[in-house]
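What follows is a set of notes on a single structure, which appears directly below.
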Amino acid sequence: MKKLFAFFKRDKEISNNLDLDMSKIPKHIAIIMDGNGRWAKERNLPRALGHKAGVEAIRRIVKECNKLGVGYLTLYAFSTENWNRPLKEVDSLMKLLVEYLKNEFEELNANDVVINSIGNISKLPQICRTELNNAYEKTKNNKGLTLNLALNYGGRNEIVDAVKGIYIDLRSGKISKDEITENILSKYMYTGKIPDPDLIIRPSGELRLSNFLLWQSAYSELWFSDINWPDFHEKQLRLAISDYQKRDRRFGKVR
Ligand code: FPP
């Protein structure tokens with residue numbers, strides 16, 4: 001509890017100095033969008049309305065990231081474990097995804113955003129897959145922010161899928177055992193063409209990764225906030241980036 005408090009105290013200190021160094025904007029930001037249920041409960045609302053308010057936060061943060069020149073934004077929208085939630089909640093999340101893609105497509109495309117997904121999307125309802133594929137096909141040549149929606153995503157599952165991919169390519173002679181390196185393994189992840197996240201943000205007071213980007217987060221900077229995701233605004237994003245810019249990333253080396 002003491003440690004948690006220390007993180008939040010630091011948030012306040014940083015908020016007094018929010019000038020961002022535009023030459024040190026993280027290339028890849030990843031967010032665990034947590035706290036929608038608690039946000040709704042605090043207001044005596046159904047959980048679905050918490051997720052709906054979470055979509056508003058997505059809108060704000062995607063715009064801000066694009067404005068700041070962030071290259072990649074990965075949002076943990078539905079985990080492999082989230083199927084264990086009540087069917088009604090799973091349905092409402094799938095509907096929100098389809099609505100988001102339909103309502104936001106024009107604006108995202110006009111702002112040069114690439115709409116991508118990571119995870120095993122073959123298990124999502126057909127309508128979600130169709131909207132995701134359409135959005136990707138129409139935006140894949142855009143040059144702005146890449147919005148990566150992590151859907152039916154699990155970090156351990158991703159590693160298993162990467163190992164299977166390597167096994168297939170080994171068997172067919174496409175690669176040899178000696179060619180398998182950390183870099184090659186990275187290429188077999190769902191994020192194969194994307195750099196590792198520089199900064200991972202988790203709101204809602206929880207201090208864990210919850211099976212998110214396990215392979216890719218080896219040297220990511222972590223930033224936590226006690227605010228629930230629906231209350232996450234541009235200011236919190238800037239706080240996180242400002243804190244990130246003050247950190248000394250050594251990647252195991254010495255200066
Ligand atoms: C975690 O909060 C949030 C989720 C599991 C879903 C996040 C999804 C959205 C914000 C909207 C749908 C996605 C898109 C891309 C439009 P929680 O429900 O676990 O919160 P709690 O821990 O307070 O209960």
Side-chain angles (χ1 to χ4, degrees), residues 4 29-66 72-109 111 113-121 123-125 127-136 139 145-155 157 190 200-213 224-233 236-237:
L4 191 70
I29 298 180
I31 307 182
I32 302 172
M33 305 185 289
D34 198 14
N36 296 347
R38 276 161 284 172
W39 183 92
K41 196 169 174 205
E42 281 163 12
R43 289 160 180 79
N44 285 321
L45 295 170
R47 292 179 61 82
L49 288 188
H51 295 311
K52 196 163 184 233
V55 175
E56 292 307 316
I58 296 179
R59 286 199 179 102
R60 292 191 289 271
I61 299 308
V62 169
K63 259 190 213 161
E64 189 69 1
C65 281
N66 204 21
Y72 304 86
L73 173 67
T74 301
L75 299 178
Y76 204 4
F78 195 86
S79 75
T80 43
E81 290 73 32
N82 287 155
W83 295 110
N84 299 320
R85 293 191 175 203
L87 191 60
K88 209 171 134 200
E89 183 169 346
V90 171
D91 276 353
S92 76
L93 284 168
M94 296 301 153
K95 281 196 185 109
L96 282 175
L97 170 65
V98 172
E99 256 175 51
Y100 175 78
L101 293 169
K102 284 189 172 158
N103 295 342
E104 297 300 302
F105 175 79
E106 293 299 337
E107 194 180 332
L108 292 173
N109 193 29
N111 284 288
V113 173
V114 179
I115 305 170
N116 190 31
S117 60
I118 56 168
N120 184 356
I121 69 160
K123 296 281 184 302
L124 298 184
I127 173 86
C128 298
R129 285 175 0 231
T130 307
E131 289 298 328
L132 284 165
N133 290 334
N134 283 345
Y136 176 69
T139 60
L145 173 78
T146 293
L147 171 62
N148 260 325
L149 299 172
L151 292 159
N152 191 23
Y153 174 89
N157 231 18
Y190 305 141
I200 298 184
I201 296 174
R202 181 165 195 163
S204 92
E206 309 291 356
L207 303 177
R208 56 178 171 267
L209 284 178
S210 300
N211 206 11
F212 187 46
L213 301 176
F224 300 98
S225 160
D226 60 344
I227 277 188
N228 288 323
W229 174 246
D231 286 330
F232 203 91
H233 284 76
Q236 279 75 35
L237 178 76

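Just so you know, ligand 1 is whichever comes first in the structure, and atom 1 is the first atom listed for that ligand. Not measured: the values here are computed from a predicted model.
- Between Ile31 and Leu73, the closest side-chain pair of non-hydrogen atoms falls below 4.5 Å.
- Not one N or O on the side chain of Asn109 forms a donor-acceptor pair closer than 3.5 Å with the backbone of Phe105.
- Looking at Glu56 against ligand 1, nothing comes within 4.0 Å, counting heavy atoms.
- Checked against a 3.5 angstrom limit, the closest N/O atoms of Asn36 and ligand 1 fall inside it.
- Residue contacts with ligand 1 for Arg47 involve side-chain atoms from C-beta outward but no N, CA, C or O (heavy atoms, distance under 4.0 Å).
- Side-chain contact between Ile121 and Leu132: present, with at least one pair of heavy atoms (C-beta onward) separated by less than 4.5 Å.
- Interface of Gly37 with ligand 1, defined as ligand atoms under 4.0 Å from a residue heavy atom, comprises 17 (P), 18 (O), 20 (O), 21 (P), 23 (O), 24 (O).
- Of all protein heavy atoms, the one lying nearest to atom 11 (C) of ligand 1 is Val55 CG2, 3.7 Å.
- For a threshold of 3.5 Å applied to N or O pairs, the pair formed by Asp34 and ligand 1 contains at least one separation below that value.
- Atom 22 (O) of ligand 1 has its closest protein heavy atom at Arg38 NH2, 3.0 Å.
- Counting atoms of ligand 1 from 1 in the listed order, those under 4.0 Å from a heavy atom of Tyr100 are 16 (C).
- Inclusion of Trp229 in the set of residues having an N or O under 3.5 Å from an N or O of ligand 1 is not warranted.
- Between Arg59 and Glu56, at least one side-chain nitrogen of the basic residue sits less than 4.0 Å from a carboxylate oxygen of the acidic one, meeting the salt-bridge criterion.
- For atom 19 (O) of ligand 1, the closest non-hydrogen atom on the protein side is Arg85 NH2, 2.7 Å.
- For atom 13 (C) of ligand 1, the nearest non-hydrogen atom of the protein is Ala77 CB, 4.0 Å.
- Annotation for ligand 1: atoms under 4.0 Å from non-hydrogen atoms of Asn82 are 5 (C).
- In this structure the side chain of Tyr100 never reaches within 4.5 angstrom of the side chain of Glu131, judged on heavy atoms.
- Taking the six-membered ring where tryptophan is involved, the planes of Phe212 and Tyr76 are essentially parallel, since the angle between them stays under 30° and well short of 60°.
- When each atom of ligand 1 is checked for a heavy atom of Leu93 under 4.0 Å away, the hits are 6 (C), 8 (C).
- The shortest distance between side-chain heavy atoms of Asn157 and Asn211 does not fall below 4.5 Å.
- Residue Ile58 has at least one heavy-atom neighbour below 4.0 Å for each of these atoms of ligand 1: 14 (C), 15 (C).
- For the pair Leu213/Ile118, a side-chain contact is recorded, criterion being any heavy-atom separation below 4.5 Å from C-beta on.
- Of the protein's non-hydrogen atoms, His51 CE1, 4.0 Å is the one closest to atom 4 (C) of ligand 1.
- Protein heavy atom closest to atom 3 (C) of ligand 1, with residue, atom name and distance, is Met33 O, 3.1 Å.
- Residue contacts with ligand 1 for Asn228 are absent, since no atom lies close enough (heavy atoms, distance under 4.0 Å).
- By the criterion of a heavy-atom distance under 4.0 Å, neither the backbone nor the side chain of Leu75 is placed next to ligand 1.
- Counting only distance, with no hydrogens or angles, the side chain of Arg38 and the backbone of Asn228 share no donor-acceptor pair below 3.5 Å.
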